[in-house]
Amino acid sequence: MTWTPAETRLVRRWITVALLLAAIIRVDAWMQSSIRGLEPHLNTLFPEAARFSGKTGTPAHIKVYTDDETLIGFVFSTIDVEPLERGYEGPIEMLVGMDTAGRLRGVDLIAHREPYGYFSIELPKFADQFVGKSILDRFRVGEDVDGVTTATITVSSATRVVRKAARRVAREHLANAENDRP
Amino acid sequence: MTLPVPAARRLAIGLLAVALLMPSPAAAQCPTWDDLRANESLLDITISDPDMAGLRMWFVYVTPASLGRCTLGTTLFDTASTELSGAQERHLFWIGTEGPALHLFRLERIYMIQETRRYDLAGSLALDSPTTVLDGRPPLTAEALIAFEGAIDFNEPVTIFYEGIMGSVPGEYWFPESLGPGR
């Protein structure tokens, strides 16, 4: 069977379209895999969300959308945004949720090696005090952030990394958030 | 009997007395130790543990000539900053220390970060103590100047770490407001 030039062009077009679709599906699957395991944390931070993007951008973050694809916030890991920050024994990894007005939706502790973490940053009352805080707040332990315990290095480091990460994501992504559509 | 003093001489003595009693404009503009602390432009890092003696260190950014002269005095600032000057983006901090664990202190254990940039020690100069001329300073056992190299965003703080034997002790340093509006 011999194809005419027109048929050949058509087949080539279809193959190109099929390859592009496969690539898009693959990229989407890869991006979704970047947030695998984080779903319970994401849903806690943004219970009203209809969809979370994969981890993307610099600094890396996850975008949060409603049913009508409106961007309502960002979720980011402190070690992605501030990789050099550390507490007494190493990095303190927290997921931070922030809405498009620059207010924190919450903070979820993921991992740490702090010796006294169990009675400081692991306590729910440490994370709870960040809900509703603005990135313009001072985030100073002993002022607008309660030290919770005497593990001051750990608490100060965790507080500092939340503020720095949130302000950096806001600087990079919040100014353009209104135009930021999927 | 009182000797008559000519009016011109009396005026000269009066002017001299006023000049001696009035602080110089530079000194008048110098922040005190407490001013810098309140502004978070004087960082206090304390290392203490129930099993070890304490070590306390303070940092002040002294690259700006005004703050450098207020911290070190004009003569020392001019000579020391020349000695430590190197690359264009070189940043000097004065560090003062005290505490019974001072023998464990090593300048090389200090480093600094800002966002994704890390700054290791690029130079240091031990100073005789007492050196700093800041009003209200505590008693200090040792002082030094340390230098870091690289671009810094003065609108944002840096985190200075002392990498201790048992763990790292960080502290956040905010540059004086005259360098950036941050915080």
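Here the structure is a predicted model, which is why all the values come from computation and not from measurement. In what follows, every chain begins at residue 1, and chains take the letters A, B, ... in the order their sequences are listed.
Grouping the Ile, Leu, Val, Met, Phe, Trp and Tyr side chains by contacts below 4.5 angstrom, directly or via other members, places Phe77(B) apart from Val133(B). A continuous path of ILVMFWY side-chain contacts below 4.5 Å connects Leu140(B) to Leu43(B), so both sit in one hydrophobic cluster. Linking Ile, Leu, Val, Met, Phe, Trp and Tyr residues whenever their side-chain heavy atoms come within less than 4.5 Å places Ile110(B) and Leu127(B) in a single cluster. Using a 4.5 Å cut-off between side-chain heavy atoms of Ile, Leu, Val, Met, Phe, Trp and Tyr, with links allowed through other members, Ile113(B) and Tyr88(A) fall into different hydrophobic clusters. By the rule that hydrophobic residues join a cluster once side-chain heavy atoms approach within less than 4.5 Å of another member, Ile146(B) and Leu55(B) end up as members of one cluster.
Taking the charged nitrogens against the carboxylate oxygens, Arg138(A) and Glu40(B) do have a contact shorter than 4.0 Å, which makes a salt bridge. The existence of a salt bridge linking Glu115(B) and Arg171(A) is confirmed by a sub-4.0 Å separation between a basic side-chain nitrogen and an acidic carboxylate oxygen.
Between Arg118(B) and Pro83(A) there is no side-chain heavy-atom pair separated by less than 4.5 Å. No side-chain heavy atom of Glu82(A) sits less than 4.5 Å from a side-chain heavy atom of Gln114(B). Contact annotation: the side chain of Arg160(A) approaches that of Pro170(B) to within less than 4.5 Å [non-hydrogen atoms, C-beta and beyond].
Applying the 6.0 Å contact sphere to CD of Glu89(B) captures more than 12 heavy atoms from other residues, nucleotides or ligands.
When all heavy atoms of Lys164(A) and Thr159(B) are compared, the closest pair comes out as NZ-OG1, 3.1 Å.
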Note to self: Please determine whether salt bridge (Lys or Arg N to Asp or Glu O under 4.0 Å) holds for the pair Glu172(B) and Arg140(A), giving the CA-CA distance in whole Å, both sets of side-chain angles, and the decisive distance to 0.1 Å.
What the structure shows: CA-CA 11 Å; Glu172(B) 195 167 41; Arg140(A) 299 293 198 277; 5.1 Å; no
Notebook entry, point to check: Would Arg117(B) and Leu84(A) satisfy side chain to side chain contact (heavy atoms under 4.5 Å, CB included), going step by step from the backbone distance to the final call?
Noted result: CA-CA 8 Å; Arg117(B) 299 180 294 275; Leu84(A) 298 178; 5.6 Å; no
Next item on the list: Determine, step by step, whether Arg168(A) and Thr116(B) satisfy the side chain to side chain contact (heavy atoms under 4.5 Å, CB included) criterion, reporting the C-alpha distance in whole Å, the side-chain angles of both residues, the deciding distance to 0.1 Å, and the verdict.
Entry: CA-CA 11 Å; Arg168(A) 185 155 176 236; Thr116(B) 54; 4.0 Å; yes
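Contact of Ser156(A) with chain B is not made at all, since no heavy-atom distance falls under 4.5 Å. If you measure heavy-atom distances from Tyr162(B) to chain A, you find no contacts under 4.5 Å at all.
Atom CD1 of Ile153(A) is separated from atom CD1 of Ile47(B) by 7.5 Å, given to the nearest 0.5 angstrom.
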